[in-house]
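It should be emphasised that the depicted structure is a prediction, and the values quoted were computed from it without experimental measurement. Hydrogens, waters and symmetry mates are skipped; everything else that's a heavy atom, side chains included, is used.
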Amino acid sequence: MTQKIVPVIMAGGKGTRLWPLSRAAAPKQFIQFIGDKTLFQETLARVSDPALYEAPVVLTNEEFRFLVAEQARELDLALKAILLEPVARNTAPAVAAAAALVADLFGKDVIMHVLGSDYEIVADQSYFDSVRAARETAASGKLVTFGIEPTEPATGYGYIEGGEQLSAGAQTVKRFIEKPPLDKAEEMVTAGGFYWNSGMFMFQVGALIAEMRNYAPDVVAAASEAVAKATRDLDFTRLDAQSFAKAPSISIDYAIMEKTANAAVVPSPFKWSDLGSWDSVWKTGTRDPNGNVATANTTLVNSRNSLVMSHGVHLAVQGMEDVAVIASEDAVYVGKLQDSQSVGDLVKTLAALPATSKLTETHPTSYRPWGGYTSIFNGDRFQVKRIFVTPGKKLSLQKHHHRSEHWIVVKGTAEVTIGENVQMLRENESVYIPLGEVHRLANPGKILLELIEVQTGSYLGEDDIIRIVDEFGRS
């Protein structure tokens, strides 16, 4: 029987290059761009074959832990572990921590597949052929990276030069090349034998740990100690913060792959993009006869070769060419597609201004372990929110010092606790929660509960919550 692979999914990044949809508190891996799944969910789906994979291990941070759990639940996919990084330390310490945990769970002989959660990949037969080739190569002790066969002289990716042919179609690695200027990229694509560095890897756990002890002993020591001292919190495994902080911040490429003599690359012909810019989203999308990629809530007239997306208002675009027009719930970006690599500079400008800094951090919609809420309107001493609660979930038993609340149910059934009284509310029914009263909201039904909440009071911040009982361990 062929050994199963343990997938390790990296889901902690906070990139803002796809602003305004992607933000620090809701990065691109958790956003639906085109299709019915987020990039993280697409990654989960690619490792869902029980004949090929064990249940995944996901690495993320404190802020995204419930997003990870909820998006896996939506797909009805069980996770082996959710490993929480207490501080960002780049990919080498993260992979080392995952390897230590996988060794504890499965043993050092197991093969682990390290995947980013923010790639757009067409998982066709060539993809799974590459996965199986990488597994066979990793089983021989090689540290394997997936090299994407380039379709253009892209300057936004690093490159790998392949060397001698190995079994299963893999090659030794001659060298890694940093993101090149255009003329060098053109030379490599013309010459052949060069591949885009995908950031995906396949390792036998014991072989990886051994090479880390040779080339990055401080990384593996800190990560192993952090796993040994880790604590359990509900469905999460928290790495020991003091131990993990000892690790230097360094990538797996710099720490190991560029130093080891055991590196191998599997040339991979499947379609891959890291979706690092709006231009790359346009390239991976399905275009209409005019070359446009557009989502729902959009109308295009006399426009060509453009990307038009809306996660809120209806967008009407007329007489435009080679542009990106992206609308979120509270911001709109308009720019030339060829300039979309520079969105990060625009975000830095917005972040530096008090009036716009919040636009780079959070969305009007925030997610919680029980569902979430959308801020609809803020006024003087009042605000309006849309609250949504997942079936079977309930908020904490809580009270507020500075505000009262009115709830109006618009969909589903609500179980409302106010003091000692428990009542059921259905569509078009409402209730008032006085200031200082202990209360709780729950969804006992089978469909999503949605309600409108009107808050009134002298202070309406999210930190005016005194949690008395909370099933998610929040204080």
Side-chain angles (χ1 to χ4, degrees), residues 19-21 23-26 63 66-67 310-314 327-332 350-390 393-443 448-472 474-475:
W19 185 88
L21 297 189
R23 304 187 186 184
E63 193 171 356
F66 292 120
L67 270 173
S310 177
H311 279 207
V313 298
H314 192 96
S328 69
E329 297 160 298
D330 61 342
V332 178
L350 293 169
L353 301 174
T356 54
S357 61
K358 188 177 180 180
L359 292 174
T360 69
E361 292 292 326
T362 60
H363 281 286
T365 297
S366 297
Y367 293 92
R368 294 293 185 265
W370 42 262
Y373 63 87
T374 300
S375 179
I376 298 173
F377 188 80
N378 289 285
D380 183 21
R381 293 179 59 87
F382 77 93
Q383 66 176 324
V384 182
K385 291 182 176 181
R386 167 186 169 260
I387 309 290
F388 52 97
V389 185
T390 305
K393 298 292 187 180
K394 55 187 174 183
L395 285 66
S396 59
L397 185 67
Q398 59 185 258
K399 65 180 181 179
H400 310 294
H401 288 312
H402 303 286
R403 71 175 185 252
S404 58
E405 296 173 343
H406 300 254
W407 293 343
I408 306 100
V409 176
V410 296
K411 179 182 177 182
T413 302
E415 180 186 274
V416 178
T417 300
I418 303 177
E420 299 297 324
N421 180 50
V422 178
Q423 58 183 301
M424 304 296 289
L425 296 182
R426 292 169 178 81
E427 293 180 10
N428 298 319
E429 296 181 338
S430 63
V431 70
Y432 170 67
I433 299 96
L435 184 151
E437 184 67 81
V438 174
H439 61 281
R440 185 171 217 167
L441 175 66
N443 180 0
L448 187 72
L449 166 64
E450 295 185 60
L451 54 86
I452 298 300
E453 176 183 79
V454 181
Q455 301 177 355
T456 58
S458 59
Y459 179 74
L460 305 175
E462 284 301 308
D463 54 349
D464 181 25
I465 297 178
I466 307 301
R467 292 189 176 94
I468 300 165
V469 177
D470 183 69
E471 63 182 32
F472 304 108
R474 298 168 300 171
S475 59

With [X], which residues qualify under salt bridge (Lys or Arg N to Asp or Glu O under 4.0 Å), at least two apart?
X	value
Glu427	none
Arg386	Glu450
Glu420	none
Lys399	none

Listed pairs under 3.5 Å, donor-acceptor, residues 404-414 side chains, sequence neighbours left out:
from: Ser404; atom 1: OG; to: Thr456; atom 2: OG1; distance (Å): 2.9
from: Glu405; atom 1: OE2; to: His400; atom 2: NE2; distance (Å): 3.1
from: Glu405; atom 1: OE2; to: Arg403; atom 2: NE; distance (Å): 2.9
from: Glu405; atom 1: OE2; to: Arg403; atom 2: NH2; distance (Å): 3.4
from: Trp407; atom 1: NE1; to: Glu453; atom 2: OE2; distance (Å): 2.9

Would a 4.5 Å heavy-atom cut-off, applied to side chains only, mark [X] and [Y] as touching?
X	Y	value
Ile387	Trp370	yes
Leu425	Leu451	no
Ile452	Ile376	yes
Lys394	Glu415	no
Asn443	Thr390	no
Arg368	Phe66	no
Gln423	Ile418	yes

To the closest 0.5 Å, what do you measure between [atom1] ([X]) and [atom2] ([Y])?
X	Y	atom1	atom2	answer
Phe382	Phe377	CZ	CZ	5.0 Å
Leu397	Ile468	CG	CD1	4.5 Å
Glu462	Ser375	CD	OG	9.0 Å
Leu350	Glu361	CG	CD	11.5 Å
Gln455	Leu460	CD	CG	5.5 Å

Not counting sequence neighbours, which residues clear side chain to side chain donor-acceptor pair (under 3.5 Å) with [X]? List them please.
X	answer
Glu429	none
Thr417	none
Asp464	none
Glu437	none

Residues in side-chain contact (heavy atoms from CB on, under 4.5 Å) contact with [X], at least two apart in sequence or another chain:
X	result
Asp330	Arg23, Ser328, Leu359, Pro364
Ala327	Ser310, Val313, Leu315, Val332
Thr365	Glu329, Tyr367, Thr374, Phe388

Practice item. State whether the number of non-hydrogen atoms from other residues, nucleotides or ligands found under 6.0 Å of Asp463 atom CG is greater than 12. Key: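 Yes.
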